[in-house]
Amino acid sequence: MSIYSFLVAVRSDGQQLMSDTGETTSHLMGMFYRTLRIVDNGIKPLYVFDGAPPKLKSGELAKRFARKNEASEQHEEAKETGTAEEVEKFSRRTVRVTREHNEECRRLLRLMGIPFIVAPTEAEAQCAVLARAGKVYAAASEDMDTLTFDSPILLRHLTFSEQRKEPIQEIHLDKTLEGLNMDRKQFIDLCILLGCDYLDPVPKIGPNTALKLIRDHGTLEKVVEFIESDPKKKYAIPEDWPYQDARELFLHPDVRSADDPECDFKWEAPDVEGLVQFLVNEKGFNEDRVRSAAQKLQKNVKTAQQSRLEGFFKAIPKTEDQKKDLKRKHEEKVADAKKKKKEDAKTKKETKAKAHLNS
DNA sequence: ACTCTGAATCTAGACGGG
DNA sequence: TGATTCAGAGT
DNA sequence: CCCGTCC
């Protein structure tokens, strides 16, 4: 996901950044500096790459594929008749992450000394397993499904950019379940009903209705039974709606077990010359920037021995605005239940910096 | 009058100099 | 892809 | 904070 957004966002003149041989470097630029920033804040990241998607997702992927193709047509058309802005707009929509992009990012991480794993299927599911096993403090993702996959903690907006507008959000599954007053099985059913990548949404059922239905009936079986026996025919379950299969994916996703040798992660010193060779010689990055970045990595691998974020996070007071916001979309609901109890989190460094500024 | 869904729209990174 | 905003149907 | 640059 990050690779995708780097490809979309890291641009100049409507074009992705490129080496002098015309190869895209946006993904490397994004990965390199974001990772550097994260490490510099005392965090030891572990990257999880997506594997082959589960079969249930093929319907959704087909839709995305169709949308991409449509965007490509519009892109071509815009190149002929449209304005530069239109061309750029459609260009962003046609972005696809290739195997090469992924491989280059892995090569970069190896040179940086940052561990990673390629998940058998969904990265979010693998993240959840690793977080659950204590291999990492939390799973960082924008995808709420991470909680559905049973990650005890989900971090959103984990970027340490200065210009970050959104605060880092730390969502605890236990507090979320507590806030919703549900067990995990019900939570999974709720998430499925809210709409997930594996199933078509049920028309007319949005976040509020979904929550009410699960509350009233307890399980998806009962909800489906209720809907189908409702004389008023208010809702209609789609033709092909294998919710048990979706549930099974959330309960038992195909993942690498945390005690697998592949999950014996090591954070190592960067290969400085390797980084220079790759980023400078092959991709045309500025050598001074790369070297000083590598130096930072080297320094941090020695000092940052903390394997947990705990010491780095500190709750900050919640604003009234945020509290009032508690009524919205589906995943927000999940966050909402949690927001009531949990506060947004910031890094120690940041908090200190802010406190310093304020004083 | 209020609640809710769903369609439309916009946007997306990181950094630093001025 | 997600977040935000808005129109209109439903209650 | 705004806006250009990174490659």
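Computed from heavy atoms alone, side chains included, the values below leave out hydrogens, waters and symmetry copies. Convention: sequence-line order gives letters A, B, ...; per-chain numbering from 1. Source: prediction; values computed, not measured.
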Exercise for review: Taking only heavy atoms on the protein side, list every residue of residues 7-18 of chain A lying under 4.0 Å from any atom of DNA chain B, sorted numerically.
Suggested key: A:Val8, A:Ala9, A:Val10, A:Arg11
Rounding to an integer number of Å, can you tell me how far [X] [atom1] sits from [N] [atom2]?
| X | N | atom1 | atom2 | answer |
| --- | --- | --- | --- | --- |
| A:Glu142 | B:dG13 | CD | P | 9 Å |
| A:Phe90 | B:dT9 | CZ | P | 11 Å |
| A:Lys89 | B:dT11 | NZ | C1' | 11 Å |
| A:Tyr33 | D:dC6 | OH | C1' | 8 Å |
| A:Gln169 | C:dG2 | CD | P | 14 Å |
| A:Lys296 | B:dA14 | NZ | P | 14 Å |
| A:His157 | C:dT1 | NE2 | P | 17 Å |
| A:Ile38 | B:dC15 | CD1 | P | 10 Å |

Side-chain H-bond candidate by donor/acceptor type, [X] with [Y], under 3.5 Å:
| X | Y | value |
| --- | --- | --- |
| A:Glu248 | A:Tyr198 | no |
| A:Asp143 | A:Ser141 | no |
| A:Tyr47 | A:Ser2 | no |

Between [X] and [Y] (side chain of the first, backbone of the second, donor and acceptor by atom type, cut-off under 3.5 Å), is there such a pair?
| X | Y | answer |
| --- | --- | --- |
| A:Ser151 | A:Leu147 | no |
| A:Asp183 | A:Lys185 | yes |
| A:Arg110 | A:Pro115 | no |
| A:Ser26 | A:Val10 | yes |

Exercise for review: Classify the ring geometry between A:Phe149 and A:Phe250 as parallel (under 30°), tilted (30 to 60°) or perpendicular (over 60°).
Suggested key: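 Plane angle between 30° and 60°, so tilted.
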Practice item. Look at all strands and tell whether A:Gly284 reaches a base, only sugar-phosphate, or nothing, counting heavy atoms closer than 4.0 Å. Key: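 Sugar-phosphate only.
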Practice item. Quick one: label A:Asp20 by what it contacts on the DNA or RNA (base, sugar-phosphate, nothing), any heavy atom closer than 4.0 Å. Key: nothing
**Study point:** Atom CD of A:Gln295: over 12 foreign heavy atoms under 6.0 Å
**Key:**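 At most 12 heavy atoms, drawn from other residues, nucleotides or ligands, come within 6.0 Å of this atom.
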**Study point:** Crowding at CZ, A:Phe65 (>12 non-hydrogen neighbours, <6.0 Å)
**Key:** no
Between [X] and [N], does any side-chain N or O lie under 4.0 Å from OP1 or OP2?
| X | N | result |
| --- | --- | --- |
| A:Arg37 | B:dC15 | yes |
| A:Thr209 | B:dC4 | no |
| A:Arg93 | B:dC10 | no |
| A:Arg92 | B:dA12 | no |
| A:Asn208 | B:dT3 | no |

Select one nucleotide: of [options], the one nearest the side-chain heavy atoms of [X].
| X | options | value |
| --- | --- | --- |
| A:Pro207 | D:dC6, B:dC15, B:dT5 | B:dT5 |
| A:Phe285 | C:dT1, B:dA14, D:dC7 | D:dC7 |
| A:Arg67 | B:dA14, C:dT1, C:dG2 | C:dT1 |
| A:Pro203 | B:dC15, B:dG6, B:dG13 | B:dG6 |

**Study point:** Residue mapping more 5' on DNA chain B - nearest nucleotide basis, A:Lys204 or A:Arg289
**Key:** A:Lys204
Could you tell me how far [M] sits from [N] if I compare only their [atom1] atoms? Round to whole Å.
| N | M | atom1 | answer |
| --- | --- | --- | --- |
| B:dA12 | D:dG4 | P | 16 Å |
| B:dC10 | D:dT5 | C1' | 24 Å |
| D:dC2 | B:dT11 | P | 15 Å |

**Study point:** Residues that A:Phe6 engages under ring-ring contact (aromatic ring centres under 6.0 Å, His included), provided they are two or more places apart
**Key:** none
Exercise for review: Kindly state which residues belonging to residues 224-236 of chain A come within less than 4.0 angstrom of DNA chain D, counting heavy atoms of the residue only, listed by number.
Suggested key: none
